[in-house]
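In what follows, a structure is listed as C-alpha cells, so that the remarks can point back to it.
Just so you know, ligand 1 is whichever comes first in the structure, and atom 1 is the first atom listed for that ligand. Counting from 1, the numbers follow the sequence of the chain as shown. Note that the coordinates shown come from a computational prediction; the quantities given were computed from them, not determined experimentally.
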Amino acid sequence: MMQLYMTPGSCSTGIHILMEELELVFGANILNLPKGEHLSDTYKAINPKSTIPALVLDSGDVLTDFTAIAWWLGSRYPKARLLPQNPVEQAQALELMNYVCSYIHGQGYTRIFTTDKYLMRDEDKEATQAKGRDIVAEGFEIIAERFTGAEGYLFDHFTVADAALFYVEFWADRIDLRMPMACQNHYDIMCRRPVVQRVLAEEGYRLNISQDF
Ligand SMILES: N[C@@H](CCC(=O)N[C@@H](CS)C(=O)NCC(=O)O)C(=O)O
C-alpha cells in the first residue's frame, strides 16, 4: 500500500485532497512538525530533505515535493483528468504549482510561520513577517490573473494546480490574510467540494461554509 507522510493543515493537505479525489487506498503517516518528528533519523531515511509531503509508492520508490507528487498522481491516473488535457496547459499547471510552492509558500508563508529561520536579529521579526505577508499578497495578485476556466478553477476543470492553490488559500483564511476576489472565489469553490470537506474534517478542521453554498 502507498504511504503518505503528512501533517494536518500543512501543504500535504493538497496532496491528501488529490489522493482522496482519486479514491486511492493509502497509509496516512502523521508527522508532528512542531515536535520535530520530520527531523528524526527514521524519517530522514525516507526523505533526507525532512520535508512533507512524501509519498512512498508500492514499488518502494519515494516521491517528495508537492509538484512532483501531484504530477505523478495526475500522470499515473489519467482518467481522473487531474492534469489539464493539452501540453501547453500541462506546462502552465506545473509553472503555477511551482509558483505556489516555491514563492507563495517557500518565500512568503515561511517568513510568517517560521520567522526564526530568517532572523539575524530579534528586532527584525516584525519586518520579516511583514515581508512574508507582502510576498503572499503579491503572489495571490499574480495568480488572480491566471484563472482561465469558466467554473472558477485555474483551468476548465479541477486540476492538480487547484489543490496547490487551495492549501495557500486555506492558510490565508486561517490567519486572516485578504485574497483577491478571484482567489477568494476559488477558495469558496474548493471548500464546496465534498472531498475537500472530508479531508479537512479528517485532518481536524472545521470549515465555516456559508449557507449560500
Ligand atoms: N519544496 C517542498 C517543501 C515542502 C515544505 O516546506 N513542507 C513543510 C510543511 S508545509 C515542511 O516540511 N516543513 C518542515 C521543514 O522544512 O523543516 C514541497 O514542495 O513539498
Side-chain angles (χ1 to χ4, degrees), residues 2-21 24 26-57 61-76 82-83 90-119 128-129 131-133 135-136 139-140 142-143 154 159-175 177 187 190 196 199-200 202-205:
M2 281 191 272
Q3 300 293 327
L4 175 63
Y5 289 83
M6 53 180 275
T7 298
S10 76
C11 53
S12 58
T13 301
I15 297 297
H16 189 180
I17 288 168
L18 292 174
M19 294 187 69
E20 297 228 0
E21 291 278 357
L24 297 175
F26 61 95
N29 303 266
I30 311 278
L31 295 178
N32 186 325
L33 294 186
K35 274 194 183 162
E37 286 177 357
H38 57 305
L39 303 172
S40 71
D41 289 343
T42 315
Y43 187 59
K44 279 190 176 160
I46 296 163
N47 178 8
K49 292 183 282 190
S50 292
T51 54
I52 52 99
L55 183 65
V56 182
L57 307 183
D61 289 312
V62 180
L63 300 179
T64 63
D65 278 24
F66 190 106
T67 304
I69 298 171
W71 185 259
W72 181 84
L73 289 169
S75 314
R76 171 69 183 78
L82 289 180
L83 298 178
Q90 287 179 8
Q92 288 171 337
L94 264 185
E95 173 240 317
L96 287 168
M97 284 194 292
N98 194 42
Y99 186 67
V100 165
C101 298
S102 64
Y103 190 65
I104 301 181
H105 171 184
Q107 296 285 329
Y109 279 111
T110 54
R111 282 182 165 78
I112 302 170
F113 293 145
T114 53
T115 317
D116 289 353
K117 283 189 182 171
Y118 289 90
L119 292 187
T128 302
Q129 290 183 337
K131 176 77 183 164
R133 286 193 295 274
I135 290 172
V136 172
F140 279 135
I142 300 264
I143 295 275
L154 283 161
T159 69
V160 288
D162 295 297
L165 180 56
F166 173 76
Y167 84 76
V168 289
E169 291 170 342
F170 177 66
W171 288 346
D173 185 22
R174 302 295 300 173
I175 62 171
L177 293 183
Y187 180 62
M190 287 293 294
V196 171
V199 165
L200 289 178
E202 282 170 11
E203 295 197 1
Y205 291 92

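Between Y109 and F140, the angle of the ring planes goes over 60°, which puts this pair in the perpendicular group of the 30/60° scheme.
Looking at ligand 1, you won't find any N or O of L39 less than 3.5 Å from one of its N or O atoms. Where the criterion is an N or O separation shorter than 3.5 Å, residue side chain and backbone included, C11 fails it with respect to ligand 1.
Contact between K117 and ligand 1 is present, with at least one heavy atom of the residue lying under 4.0 Å from the ligand.
K49 NZ: more than 12 foreign heavy atoms inside a 6.0 Å radius.
Applying the 4.0 Å criterion to heavy atoms of L33 picks out, from ligand 1, the atoms 9 (C). Atoms of ligand 1 found under 4.0 Å from any heavy atom of S10 (numbered from 1 in listed order, with element): 10 (S). Short contacts between ligand 1 and P53, defined as distances under 4.0 Å to a heavy atom of the residue, involve ligand atoms 20 (O). Close contacts between ligand 1 and H38 involve ligand atoms 14 (C), 15 (C), 17 (O) [criterion: under 4.0 Å to a heavy atom]. With ligand atoms numbered from 1 in the order given, ligand 1 contributes 1 (N), 2 (C), 18 (C), 19 (O), 20 (O) to contacts under 4.0 Å with heavy atoms of D65.
Taking OG from S10 and CG from L31, the interatomic distance works out to 9.0 Å, rounded to the nearest 0.5 Å.
Neither the backbone nor the side chain of K49 comes within contact range of ligand 1; no heavy atom lies under 4.0 Å.
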Stepwise side chain to side chain donor-acceptor pair (under 3.5 Å) test for R133 and Q129: CA-CA 6 Å; R133 286 193 295 274; Q129 290 183 337; 4.7 Å; no
Side chain to side chain donor-acceptor pair (under 3.5 Å) between Y5 and N47, intermediate numbers included: CA-CA 10 Å; Y5 289 83; N47 178 8; over 6 Å; no
H105 vs Y167, ring-ring contact (aromatic ring centres under 6.0 Å, His included): CA-CA, chis, key distance, verdict: CA-CA 9 Å; H105 171 184; Y167 84 76; 5.6 Å; yes
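The closest protein non-hydrogen atom to atom 12 (O) of ligand 1 is I52 N, 2.9 Å. The nearest heavy-atom contact from the protein to atom 20 (O) of ligand 1 is F66 N, 2.9 Å.
Closest non-hydrogen pair, D162 versus L154, comes out as OD1-N, 3.0 Å. Shortest non-hydrogen contact noted between A163 and G14 is CB-O, 3.7 Å.
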